[in-house]
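Atom set for the values below is all heavy atoms of this structure, side chains included, hydrogens, waters and symmetry mates excluded. Along the sequence shown, the residues carry numbers beginning at 1.
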Amino acid sequence: MMAHTIDSIDCFIISISRDVPYLGPLMDDEKVNSKGYIVRKGNRTIYPTSDRSVVIRITTSDGTIGWGETYGICAPEAVCHIINDLLSPVIIGRDPFEVSVIWEDLYDQMRVRGFTGGFYLDALAAIDIGLWDVCGKITSQPVYNLLGGKRRSKIPAYISGLPRETLAERCELAQHFQAKGYRGFKFAAVVSGEGVVNEMRALREALGPDADIMIDMHWKYTSADAISLISAMQEYNLYFAEAPVAPEDVNGIIDVAQKAHVAIAAGEEWRTVYEASRRIEKRGCSVVQPEMGHTGITQFMRIANLAASSHCKIIPHASIGIGIFQAASLQAAATIQNLPYHEYQHSVFDNNKKYLVTNMECQSGQYIIPDAPGLGVEPSDLFWEVATHVAN
């Protein structure tokens with residue numbers, strides 16, 4: 001095989017308008033600020049009113065192009081500047097097949113300064129995904145083969161979010177998806193105006209005994225309050241409770257996991273196996289939710305392997321993006337054994353997939369895993385209408 005080297009890296013900010021803000025209509029005392037953000041009062045977290053992400057294009061010395069993507073929900077220029085200023089100059093000329101070594105080298109550059117998460121690690125995730133795409137294209141293999149081979153061609157998808165104003169409307173939306181073949185549903189505590197226990201009860205009545213119903217608690221509770229709420233929902237057969245306490249409250253999530261008789265899910269905000277190990281090894285969760293847009297493929301697989309060694313279920317998270325890191329997540333998920341579901345952000349995936357050329361789909365309750373070389377996705381002509389190049 002001829003030698004290949006990394007020749008250039010280009011950054012693009014993606015911005016796609018939405019009819020309804022992420023998570024649902026604005027609630028009382030929520031408003032859009034001058035920069036187009038809203039702060040959700042339920043968890044005091046800022047969100048954009050458009051779908052945004054950062055996409056990178058890696059070009060090698062022979063002209064092979066790989067695509068990566070990471071979070072760009074807030075201040076996407078920060079991620080682009082890190083890539084252009086700190087990361088790209090270091091890896092130009094490197095062999096793209098050194099993908100795991102490159103991740104470790106870039107992580108080492110800033111770890112002693114405390115940059116072991118946040119925007120810096122998101123930037124690493126984009127590069128990591130792009131390099132795996134390059135490797136797949138050079139070898140004419142889907143990424144799942146480079147990771148050891150796929151166990152499945154389809155992955156069960158659960159419905160994430162019911163962005164409607166009233167509880168009755170949210171139940172109707174869940175029933176709409178149930179009729180299409182979906183059997184897993186997750187509702188959001190942040191926008192549960194009628195109360196989470198009432199919403200859990202109503203969804204169970206609407207969907208029947210065979211549906212798997214989950215709650216995203218959005219890190220908003222103390223461990224004591226989380227235990228109390230989860231216990232109150234237990235009689236309605238809650239499938240899992242996600243993110244019950246603040247992200248940094250390691251002892252709190254362990255306490256909840258030990259005292260609540262429901263599976264606890266966590267991992268959306270983790271970037272590395274180092275963050276995951278402090279929770280998984282102490283039995284702070286039994287469902288692990290790696291988010292490809294934060295981890296990249298290399299750390300996603302390391303977290304999944306750690307989770308498997310502790311006999312946890314792996315149910316990958318899915319967030320706001322154009323679909324490139326979604327494809328990477330499906331590629332990795334195809335190789336993992338104990339994986340009952342993958343999250344399906346229907347309000348994001350369905351609207352944004354037109355910006356890609358791919359056979360990736362989500363229909364009849366199942367994801368179809370893209371099978372072309374690399375990630376199995378390429379930008380469509382429409383992509384360039386929502387992409388802004390951020391020059392070095």
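For residues 197-211, the side chain to side chain donor-acceptor pair (under 3.5 Å) pairs, not counting sequence neighbours, are R170-E199, S192-E199, N198-R201, R201-Y236. Identified under the side chain to side chain donor-acceptor pair (under 3.5 Å) test for residues 243-253, with sequence neighbours left out: none.
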Practice prompt. Would you check, one step at a time, whether the test side chain to side chain contact (heavy atoms under 4.5 Å, CB included) holds for I280 with C285?
Written response: CA-CA 6 Å; I280 294 172; C285 57; 4.3 Å; yes
Fill in: Steps toward side chain to side chain contact (heavy atoms under 4.5 Å, CB included) verdict (L306, I303)
CA-CA 5 Å; L306 175 65; I303 291 169; 5.7 Å; no
Practice prompt. Could you give me the CA-CA distance, side-chain angles and deciding distance for S160 and E343, then say whether side chain to side chain donor-acceptor pair (under 3.5 Å) is met?
Written response: CA-CA 6 Å; S160 182; E343 183 170 17; 2.4 Å; yes
Discussion item. Side chain to side chain donor-acceptor pair (under 3.5 Å), that's the test. Do Q234 and S231 meet it? Break it down for me.
Written reply: CA-CA 5 Å; Q234 186 179 343; S231 297; 4.8 Å; no
Discussion item. Go through it in stages, so that I can follow the logic: the residues are E268 and H317, the test is side chain to side chain donor-acceptor pair (under 3.5 Å), and I'd like the CA-CA distance, side-chain angles, deciding distance and then a yes or no.
Written reply: CA-CA 6 Å; E268 168 188 349; H317 187 263; 3.2 Å; yes
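Atom CD1 of residue I56 and atom CG of residue L131 lie 7.0 Å apart, to the nearest 0.5 angstrom. If you take CD1 on I264 and CD on Q258, they are separated by 11.0 Å, rounding to the nearest 0.5 Å. With rounding to the nearest 0.5 Å, the separation of CG in D10 from CZ in R57 is 4.5 Å. Residue I91 holds its CD1 atom at 11.5 Å from CG of D95, rounded to the nearest 0.5 Å.
In the model, S310 has no side-chain atom that pairs as donor or acceptor with a side-chain atom of R283 under 3.5 Å. Side-chain contact of D7 with T59: a donor-acceptor pair under 3.5 Å is absent, judged by distance alone. For the residue pair Y71 / S53, no side-chain donor-acceptor distance below 3.5 Å is found, with atom types taken as modelled. The closest side-chain donor-acceptor pair between D51 and N351, if any, does not fall under 3.5 angstrom. Looking at E385 and Y355, their side chains never bring a donor and an acceptor atom within 3.5 Å of each other. A donor-acceptor contact closer than 3.5 angstrom links the side chains of H342 and S329.
Following chains of ILVMFWY side-chain contacts shorter than 4.5 Å, one can reach I127 starting from L146, so the two form part of one hydrophobic cluster. No single ILVMFWY cluster, assembled from side-chain heavy atoms under 4.5 Å apart, contains both V190 and W219. Hydrophobic clustering keeps I213 apart from L167 (ILVMFWY residues linked when any side-chain heavy atoms are closer than 4.5 Å, directly or through intermediates). M110 and W270 fall within a single hydrophobic cluster, where Ile, Leu, Val, Met, Phe, Trp and Tyr side chains are chained together by heavy-atom contacts under 4.5 Å.
Applying the 4.5 Å side-chain rule to ILVMFWY residues, one finds Y158, M214, Y239, F240, V287, I315 in the same cluster as Y341.
With sequence neighbours excluded, the residues that form a side chain to side chain donor-acceptor pair (under 3.5 Å) with K137 are D133, E378. Taking the side chain to side chain donor-acceptor pair (under 3.5 Å) definition, one finds that K41 meets it with nothing, sequence neighbours left out. Residues passing the side chain to side chain donor-acceptor pair (under 3.5 Å) test with N305, sequence neighbours excluded: none.
Annotation: Q109, atom CD; neighbour count of heavy atoms from other residues, nucleotides and ligands within 6.0 Å is above 12. Taking a 6.0 Å sphere around CZ of R44, one finds it holds 12 or fewer heavy atoms contributed by other residues, nucleotides or ligands. Open room surrounds CG on D19; 12 or fewer heavy atoms of other groups in view lie less than 6.0 Å from it. Around the NZ atom of K259, the shell of radius 6.0 Å holds no more than 12 heavy atoms that belong to other residues, nucleotides or ligands. The environment of NZ in K220 is crowded: more than 12 heavy-atom neighbours from other residues, nucleotides or ligands sit within 6.0 Å. H346 NE2: more than 12 foreign heavy atoms inside a 6.0 Å radius. When the shell of 6.0 Å around CG of D108 is examined, it contains more than 12 heavy atoms from other residues, nucleotides or ligands.
Aromatic ring pairs are classed by plane angle as parallel below 30°, tilted from 30° to 60° and perpendicular above 60°; the pair F383 and F12 is perpendicular. Using cut-offs of 30° and 60° for the angle between ring planes, the Y107 and W103 rings count as parallel.
Under 4.0 Å is where a charged nitrogen must lie from a carboxylate oxygen, and between D105 and R94 at least one such pair does.
The cationic group of R302 does not satisfy the cation-pi geometry with Y274, failing either the under 6.0 Å distance to the six-membered ring centre or the 45° limit from the ring axis.
At distances below 3.5 Å, not a single donor-acceptor pair connects side-chain atoms of E242 with backbone N or O atoms of I215. In this structure, S61 contributes its side chain and T5 its backbone to a donor-acceptor pair below 3.5 Å. The main-chain N or O of T64 is found under 3.5 Å from a side-chain atom of T60 such that the two form a donor-acceptor pair. Distance alone, capped at 3.5 Å, is enough to place a donor-acceptor pair between the S380 side chain and the K354 backbone.
A pairwise comparison of heavy atoms in I253 and G284 identifies CG1-O, 3.3 Å as the closest pair.
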